[in-house]
Novice: 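Okay, handing you the structure first.
We're numbering straight along the sequence, starting at 1. Remember, it's a predicted structure, so these values are computed and weren't measured experimentally.
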Amino acid sequence: MRIVFVSTFLTQCGIATYTEALASEMAKQGHSVVVLAEAEPNLKIKDTSPVPYYRTWLRGTFRGEAFANSIINATGDKIDVVHFQHEFGIFPNNEEFIEALDRLNKAHIATVVTLHTVRQPPYHAVFADELRRAASAVVVHTPAAQTISSWGERVHIPHGLIWRPQPTNFNSNVLLCPGFVSESKGHKEIIDGFAIAVDHHKSVGTVLKIAGLCRDHMYLQKLEGHINQYGLGKRIILESQYITDDQLVVEMKNARAIILGANKESPYSVSGQQSLALGLNKPIIAKNVPIYNHTPVGLYNTAEELANFLCHPDAFVTDELAAIAQLRTWDKIVGKHVELYKDL
């Protein structure tokens, strides 16, 4: 098939990393793939990729109809699908985004939108209605995101992963919280839960390491103050720096478990980090882990789940979870996307 991805690319962004992995595997399977990327990205991590890409748009001045016309004029009828990797910070103008979909529809080009953030009503209600009308298909990564009624019918395709299981490392004292640090990911909740759990469990030596870039200096200061309020400056390590996937793999291998958060208003749980950990067969403490945590997002208690792990770590590594991970390797995830494209 002939697919155009519209996404951030080769930059310090989880969606950029996701798109490169998905597009690379798609090209490996013989599909024609090109990425239309942000023209002036911040913090590029590299310049080369096995997937051809062109830097063609700016998030601050994205004009939907003009952008769609540029695709139509450049490709004519030579593409099957335009697949947008959507996040509200990347495409902040909802009206322009819908205009791009409408113009492509008029040219009889199928459009798919993967929502990397899905918010609970009433947030973005108008955009949800318009997206339901304009997109040929909408993809989400988690069953929780699939159940929000205001967004209409959505296709659940999990985040892909590389299956490379590691031996359990319960001798390590480190609980690793990886990924970009922002208020939407619930780090304050994780710090609260850690403080309660280690006090209740009398867990001597257990360390929480929050490792990832924080672009909000004021939020970083709030987290540091919150840690100091608990007197846990020596038990909670806060490292604000960008970490590549290769570096994350090393950090995860050395950790006892991976702990992830999510804002209570948003049913997502750091899909990229969770998928890396699943692929390594690491214990994961998070809101949306398949199999061993069926707690609704709004009722999830980080302290309780941490205490459960400290008491029963073996329960967090199961054959069933490993079997699910092996169904999410990138080759299988590409297969699910291709099936979807063919049905449009």
Novice: Does any N or O in the side chain of H156 come within less than 3.5 Å of the main-chain N or O of V139, such that one atom is a donor and the other an acceptor?
Specialist: no

Novice: Under the rule for ring-ring contact (aromatic ring centres under 6.0 Å, His included), what residues qualify as partners of F194, not counting sequence neighbours?
Specialist: none

Novice: Tell me the side chain to side chain donor-acceptor pair (under 3.5 Å) pairs involving residues 223-237, sequence neighbours left out?
Specialist: D192-H226, D192-Y230

Novice: Could you tell me whether a side-chain N or O of T11 sits under 3.5 Å from a main-chain N or O of C13, the two making a donor and an acceptor?
Specialist: no

Novice: Does anything in residues 94-110 form a salt bridge (Lys or Arg N to Asp or Glu O under 4.0 Å)? List the pairs, not counting sequence neighbours.
Specialist: D102-R133

Novice: The test is side chain to side chain donor-acceptor pair (under 3.5 Å); show your working for E38 and T8 and say whether it passes.
Specialist: CA-CA 5 Å; E38 194 174 11; T8 54; 5.8 Å; no

Novice: Mind jotting down which residue pairs meet the salt bridge (Lys or Arg N to Asp or Glu O under 4.0 Å) criterion with at least one end in residues 12-25? Sequence neighbours excluded, please.
Specialist: E20-K46

Novice: Any side-chain to backbone donor/acceptor pair from T302 onto I190? Under 3.5 Å, distance only.
Specialist: no

Novice: Is the side chain of N93 donor-acceptor paired with the backbone N or O of F62 at a distance under 3.5 Å, no angle test?
Specialist: no

Novice: Would one find more than 12 heavy atoms of other residues, nucleotides or ligands at under 6.0 Å from atom OH of Y54?
Specialist: no

Novice: Checking F170 now: which residues fulfil side chain to side chain contact (heavy atoms under 4.5 Å, CB included) with it, not counting sequence neighbours?
Specialist: T168, R256, P283, F309, P313, D314, V317

Novice: With heavy-atom distances below 4.5 Å as the criterion, would you say the side chains of L238 and L220 are in contact?
Specialist: yes

Novice: Classify the angle between the aromatic ring planes of W57 and F91 as parallel (below 30°), tilted (30 to 60°) or perpendicular (above 60°).
Specialist: parallel

Novice: Checking A135 now: which residues fulfil side chain to side chain contact (heavy atoms under 4.5 Å, CB included) with it, not counting sequence neighbours?
Specialist: L101, T111, V113, L131, V138

Novice: Using only atom types and a distance under 3.5 Å, with no angle test, would you say the side chain of E87 pairs donor to acceptor with the backbone of T117?
Specialist: no

Novice: If the condition is ring-ring contact (aromatic ring centres under 6.0 Å, His included), which residues does H187 pass it with, not counting sequence neighbours?
Specialist: none

Novice: Could you tell me which residues satisfy side chain to side chain donor-acceptor pair (under 3.5 Å) with Y341, sequence neighbours excluded, listed by chain and number?
Specialist: H83

Novice: Quick one: side chain to side chain contact (heavy atoms under 4.5 Å, CB included) partners of K332, sequence neighbours excluded?
Specialist: T329

Novice: With rounding to the nearest 0.5 angstrom, report the NZ to CG distance, K253 to L176.
Specialist: 14.0 Å

Novice: Could you check, using the six-membered ring where one of them is a Trp, whether F5 and H337 have ring centers closer than 6.0 angstrom?
Specialist: no

Novice: Tell me, please, which residues at least two apart from R2 pass side chain to side chain donor-acceptor pair (under 3.5 Å).
Specialist: D80

Novice: For residues 158-165, please give each side-chain donor-acceptor pair under 3.5 Å, one per line with the distance, not counting sequence neighbours.
Specialist:
| residue | atom | partner | partner atom | Å |
| --- | --- | --- | --- | --- |
| H159 | ND1 | S275 | OG | 3.3 |

Novice: Look at the aromatic rings of Y53 and F9 and report parallel, tilted or perpendicular, splitting at 30° and 60°.
Specialist: tilted

Novice: With clusters built from Ile, Leu, Val, Met, Phe, Trp and Tyr whose side-chain heavy atoms come within less than 4.5 Å, directly or transitively, what are the remaining members of the cluster of V207, listed by chain and number?
Specialist: I237

